[in-house]
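Keep in mind that this is a model prediction, so the values were computed, not measured.
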There are 2 protein chains.
Amino acid sequence: MRSYGQYCSIARALDIVGDRWTLLVVRELMLQGPCRFTDLKKGLPGVAANLLSARLKELEAAGLLTREDAPPPVATALYALTEDGRALEPVLRALGLWGLRFMTEERPDDSFRARWLAYAPAWFTTDADPGAPPAVIQVVASGEPAVIEVRDGRIHSRTGRVTDPDLLLEGPPRAVLGLLTGVIDLELAQGLGLSVRGRRELLARLRPVPRD
Amino acid sequence: MRSYGQYCSIARALDIVGDRWTLLVVRELMLQGPCRFTDLKKGLPGVAANLLSARLKELEAAGLLTREDAPPPVATALYALTEDGRALEPVLRALGLWGLRFMTEERPDDSFRARWLAYAPAWFTTDADPGAPPAVIQVVASGEPAVIEVRDGRIHSRTGRVTDPDLLLEGPPRAVLGLLTGVIDLELAQGLGLSVRGRRELLARLRPVPRD
DNA sequence: CCGCATCCAACAAGATACTG
DNA sequence: CAGTATCTTGTTGGATGCGG
């Protein structure tokens, strides 16, 4: 990208991560951890291979990620964020929190990955009842499964399944995400196609962070 | 900008503010308050008039700013952020804090405005001695003046001059900014061309916020 | 398959000139 | 002053190819 040529830390940050796709590449590496070219491509539907390749080179040159040949079991290059790259987490958090306000708008053609939903409760909610015992919520949105754990007064999340969750939420991403982030209530979520099984009072423990 | 087409709040945020120049337009409106087309253009050296015009239209359509015909004394259109637009402040803060790490690199051709320096201590430092009496620092970087006030345990800033400051810092932007944000020490800043007059012990009150 | 490199049509950005 | 019109250039997305 062409530099803005301004002595301003916002402009200099954008000189590096302001290009199209760049912050989404960082998002994928932040959410997935070190991964291969193909994993990144799967997590970035719509990106052209040459462009992803270019972005990875730029990010490596800027010192935000490293490219390393993984040991035999993988036998291919792995991309991983450096400390400077991981330091972008507050940027992604701030952007993601601000962007929540647009998640109620329906856009049927949007692609979806469970990872994109899983980070939301972890980043944008806190445990309203830290003293209560741990609990596990299984989420399935658009067929993709994720697990939300409420434990030690914190919210953790990951993709995948768990046996015997305390609560099971299944439905379209809009309903699941809206409910988990407190944007819509249970009744409305069910109206959007959400099915609920288990201890629904657990939902009250997910307290949205203040939006400022 | 073409949408990323992903149901992810980060991607949706970038659908709206991910275009080139867009976040810098928001920065100017955030730092300057409501202003005219020309004021924006002056605060965005390098932007083409047609592009600025396009961005303003897009931001208005997205509900991030309003365009209003100002009353007689100004007699021209004023652009102002809406609440959704102002809600981007945490994004700009996070980006600006992350970008500080690149501000030590010298790029002689970068343009500079006092406003771009003034927000840094206000956003990225706190008053290490909240009980101490108020103090005023006059800063002049690259000929552009700004005022930093340390008061009520907080750091405020604005462009302009004040009579009889407690401390006067004058020098190239890199020296002034580095010193104010705690990236470099006084000795190094003086090596970079900073001149200091007054109560230099005031500098100890500017405590950098943790970088995570 | 993985990790790109190459090619091309469509689009966005930058510079400059111009108008109400 | 506050933009618009036009032109040129650069970037992107998408398809395809290709060695390891």
Please state how far atom CG in A:Leu40 lies from atom P in C:dC2, giving the value in whole angstrom units.
12 Å

Pair B:Glu149 + B:Arg154, salt bridge at N-O below 4.0 Å:
no

Taking the six-membered ring of A:Tyr4, is NZ or CZ of B:Arg20 closer than 6.0 Å to its centre and within 45° of its axis?
yes

Between A:Trp116 and A:Phe112, what is the ring plane arrangement, given parallel below 30°, perpendicular above 60°, and tilted in between?
perpendicular

Rounded to the Å, how far apart are A:Arg55 CZ and D:dT11 C1'?
9 Å

Whole angstrom is fine here: how far is it from CG in B:Leu78 over to P in D:dC1?
14 Å

Going by the angle between their ring planes, with limits at 30° and 60°, are A:Phe102 and A:Trp98 parallel, tilted or perpendicular?
perpendicular

N or O in side chain of A:Thr38 less than 4.0 angstrom from C:dC1 OP1/OP2
no

Establish, with yes or no, whether the OP1 or OP2 oxygen of D:dA2 is under 4.0 angstrom from a side-chain nitrogen or oxygen of B:Lys57.
no

How close or far is atom P of D:dA2 from atom NZ of B:Lys41, stated in whole angstroms?
12 Å

Please report the distance, rounded to the nearest Å, between CG in A:Leu52 and P in D:dT12.
13 Å

A:Leu59 CG to C:dC4 P, in whole Å, measures 13 Å

Reckon B:Trp21 has a side-chain N or O less than 4.0 Å from the OP1 or OP2 of C:dG14?
yes

Distance check: side-chain N/O of A:Arg67 vs OP1/OP2 of C:dC4, anything under 4.0 Å?
yes

Are any of A:Arg2's side-chain N or O atoms less than 4.0 Å away from OP1 or OP2 of C:dA12?
no

C:dG14 phosphate, OP1 or OP2: any side-chain N/O from A:Tyr4 under 4.0 angstrom?
no

What's the CG-C1' distance between A:Leu51 and C:dG3, to the nearest Å?
15 Å

Do A:Asp127 and A:Arg151 meet the salt-bridge criterion of a basic N to acidic O distance under 4.0 Å?
no

Between C1' on C:dA13 and CG on B:Asp19, what's the gap in Å once rounded to a whole number?
10 Å

Looking only at N and O atoms, is any donor in the side chain of A:Asn50 or the base of D:dT12 less than 3.5 Å from an acceptor on the other one?
no

Output yes when at least one side-chain N/O atom of A:Arg36 is less than 4.0 Å from OP1 or OP2 of C:dC1, else no.
no

OP1 or OP2 of D:dT4 versus the side-chain N and O atoms of B:Ser53: is any pair under 4.0 Å?
yes

At less than 4.0 Å, is any side-chain N or O atom of B:Arg20 found next to OP1 or OP2 of D:dT11? Yes or no.
no

